[in-house]
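Scroll down for the structure; my scribbles are underneath it.
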Amino acid sequence: MAITLRKLTETSEIEQLEALEGKIWSPSSAIPYHMTLTIHKFGGLFLGAFDEDEMIGFLYSFPGYTNGEMHLCSHMLGFLPEYRKQGLGVKMKWLQKEEAKALGHTKITWTYDPLETVNGVLNIVKLGGIVRTYLPNCYGDLDDDLNRGLPTDRFLVEWFIDSHRVEARQAEGAPRCAYDHAPEILRYELIDGIPAPIAGDTTQEAPVLLLPVPAFFQQVKQADMNIALAWRKQTGELFTSCFAKGYIVTDIVRDEAVVRYVLEKKPLSAVLG
């Protein structure tokens, strides 16, 4: 039977989230029912994925403000392991877009690790989000498998859900763009097949810049934590410098060993179309 996605409206459905979150990540990190219920009652948006009557995934978000501007904060998206890598995350985000617009929102925000490039492709390429903010050690020290041993630096994704850029991604998919003449601002070398950063250039400027990061960062961590830390430090410095100069992450170019973030120096209105 096909998986169905829908907005959660009943308190009995909200109650299921705590147990589901515990199965997806860990029971100790699950948000208590009283908290999700309160968020649900006062402006939160909760979506669920169902295999027949069983909830197998969820997405929840809540209203927030940045510099006096209201937007929807998308906080958690997860599926049981056997339902991952089926494109359900993209479908859930498009449903979130429609439900958020119905509530009057024009922008949704969330964070992700810029070195986790699978998330980057989803957020930037498929959904049409943009990034112009780098948050160093956003969540402090975390002791889970994905984050252990590294600062929890994050990108803040801004998803302008009523923009031409986002509408075009939903209707037509991501356009094919070439950046053959754009300079790379971080050099790297392969050590036993693992990419390692050599040196970055925070002074270089051009209309378009490319910033490479490892294509499979968890493999880098397993091979050499010092290399992983070097990637975190150098990319953090470069992204922070570029954002301060007015660059915006608008695209991603995939290669075998590295993934290149595309940074464009242009007005936000031109990026959104």
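Quick caveat: nothing in here was measured; it's all calculated off a predicted structure. Throughout, numbering of the chain's residues begins at 1 and tracks the sequence.
A donor-acceptor contact closer than 3.5 angstrom is absent between the side chains of Ser241 and Tyr247. A side-chain N or O of Thr152 and one of Asn137 form a donor-acceptor pair less than 3.5 Å apart. At a cut-off of 3.5 Å, with distance as the only test, a side-chain donor of Glu264 or Thr250 sits close to an acceptor on the other residue. Side-chain contact, His75 with Ser61: no donor N or O sits under 3.5 Å from an acceptor N or O.
A salt bridge is absent between Asp162 and Lys97; no separation between the charged side-chain nitrogens and carboxylate oxygens falls under 4.0 Å.
Residues satisfying the side-chain contact (heavy atoms from CB on, under 4.5 Å) test with Asp224, not counting sequence neighbours, are Asn226, Ile227. With sequence neighbours left out, Ile198 forms a side-chain contact (heavy atoms from CB on, under 4.5 Å) with Arg187, Glu189. Residues that satisfy the side-chain contact (heavy atoms from CB on, under 4.5 Å) test with Glu237, not counting sequence neighbours, are Lys233.
Taking the ring axis of Trp110 as reference, the NZ or CZ atom of Lys93 stays within 45° of it and closer than 6.0 Å to the ring centre. Annotation: cation-pi pair Arg154/Tyr112 absent, no NZ/CZ under 6.0 Å from the ring centroid and within 45° of its normal.
Considering Val253, Leu211, Val249, Leu209 as possible partners of Val262, the one that fulfils the side chain to side chain contact (heavy atoms under 4.5 Å, CB included) test is Val253.
Ring geometry for Tyr60 versus Phe58: interplanar angle under 30°, hence parallel rather than tilted (30 to 60°).
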Review point. Would Tyr261 and Phe239 satisfy ring pair (Phe, Tyr, Trp, His ring centres under 6.0 Å), going step by step from the backbone distance to the final call?
Key: CA-CA 10 Å; Tyr261 280 101; Phe239 281 123; 5.4 Å; yes
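Arg169 places no side-chain N or O within donor-acceptor distance of the main-chain N or O of Ala174, the cut-off being under 3.5 Å. No donor-acceptor pair closer than 3.5 Å links the side chain of Glu99 to the backbone N or O of Gln96. Formation of a donor-acceptor pair under 3.5 Å by the Glu18 side chain with backbone atoms of Tyr33 is found in this model. Judged purely by atom type and a 3.5 angstrom limit, Arg84 uses its side chain to pair as donor or acceptor with the backbone of Phe79. Here the side chain of Thr66 pairs no donor or acceptor atom with the backbone of Glu69 at under 3.5 angstrom.
Side-chain contact between Glu98 and Gln170 is present, with at least one heavy-atom pair separated by less than 4.5 Å.
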